[in-house]
> 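I have a structure here, written as structure tokens, and I will follow up with some questions on it.
Any value given below was found using the heavy atoms of this structure, including those in side chains, with hydrogens, waters and symmetry copies removed. Residue numbers start at 1 and run along the sequence shown.
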Amino acid sequence: MKKIILASNSPRRKELLAGLDIEFETRVLPGIAEDFPATMPAEEVPEYIAREKAAAYLPTMVDDELVITADTVVILDGDIIEKPRSLDEAKLMLHRLSGRKHRVVTGVCLTTTSRQKTFSAKTDVTFSPLSDEEIDYYVEKYQPLDKAGAYGVQEWIGYVAVTALEGSYFNVMGFPVQRVYQELKTFS
């Protein structure tokens, strides 16, 4: 078995990978761009970015390492709803998601010095309508700035607003651990 490196600062990804009882270490390289071609279909973006992140790690890897990179996006009406840059932008994003169905896509890339495998998980999430007060409460009490779509399904908003979920719950948290586990079992 290779030494597993999780290339992420995300506390949720660390928590979820740890839940698989697999030994791993975290390694983060600074300044990796998360740009993508403007004409790329939204659902292809997470895999593309996960591969770009992996490419940045490849020169630093040794033969016994397996690096896991990932990227998660929220898609509504074909548009990617990224991480908000301000609390006001977070509120606007949550207003857009309110009472609607959106898709969460996470791209994952498993990389060794000799092989690479990329895959993605897709989950459809339906929100009930949210009032201004509920959105204000969530944005003020929780920390939506580090989350795609300005929300964490594992937080209060997931308890009160998610009325349907088709696919992996953990994917919505940012890391489809069930699929990662299956892929790690067959990756050599």
> Treating Glu44 as the side-chain partner and Met40 as the backbone partner, does any N or O pair qualify as donor plus acceptor under 3.5 Å?
no
> Do the side chain of Thr106 and the main chain of Phe175 share a donor and acceptor less than 3.5 angstrom apart?
no
> For the residue pair Tyr142 and Trp156, categorise the inter-ring angle as parallel (less than 30°), tilted (30 to 60°) or perpendicular (more than 60°).
parallel
> Check the pair Ile80 / Phe36 against side chain to side chain contact (heavy atoms under 4.5 Å, CB included), numbers first and verdict last.
CA-CA 12 Å; Ile80 293 176; Phe36 55 89; 3.9 Å; yes
> Check whether any side-chain heavy atom of Ile75 lies under 4.5 Å from a side-chain heavy atom of Val45, and answer yes or no.
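They are not in side-chain contact.
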> How close do Ser120 and Gly107 get, counting heavy atoms only, and between which atoms?
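Nearest pair, atom of Ser120 first, then Gly107: CB-CA, 4.0 Å.
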> So, do Cys109 and Gln116 sit near enough that their side-chain heavy atoms are less than 4.5 Å apart?
yes
> Return the NZ to CG distance between Lys53 and Leu29, rounded to the nearest 0.5 Å.
11.5 Å
> Should Asp64 and Lys2 count as an ion pair when the cut-off is N to O under 4.0 Å?
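No, no charged N to carboxylate O under 4.0 Å.
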> For Leu130, is there any backbone N or O sitting under 3.5 Å from a side-chain donor or acceptor partner on Ser98?
yes
> Can you confirm whether Gln143 is buried at CD, in the sense that more than 12 heavy atoms of other residues, nucleotides or ligands lie under 6.0 Å from that atom?
no
> Indicate yes or no: at least one non-hydrogen side-chain atom of Val62 is less than 4.5 angstrom from one of Thr113.
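They are not in side-chain contact.
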> Please confirm whether the backbone N or O of Gly174 pairs with a side-chain atom of Arg13, one donor and one acceptor, at under 3.5 Å?
yes
> If you count the non-hydrogen atoms of other residues, nucleotides and ligands that lie under 6.0 Å from CD in Glu25, is the total more than 12?
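Correct, the count exceeds 12.
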> Would you say Leu66 and Phe24 make side-chain contact, with heavy atoms under 4.5 Å?
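Counting from C-beta outward, Leu66 and Phe24 never come under 4.5 Å.
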> For Thr69, does its backbone N or O pair with a side-chain atom of Tyr57 as donor and acceptor, under 3.5 Å?
no
> For the CD1 atom of Ile68 and the OG1 atom of Thr111, what is their distance to the nearest 0.5 Å?
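Nearest 0.5 Å value for the CD1-OG1 distance: 9.5 Å.
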> Run the salt-bridge test on Glu34 and Lys83 with the 4.0 Å N-O cut-off and return the result as yes or no.
no
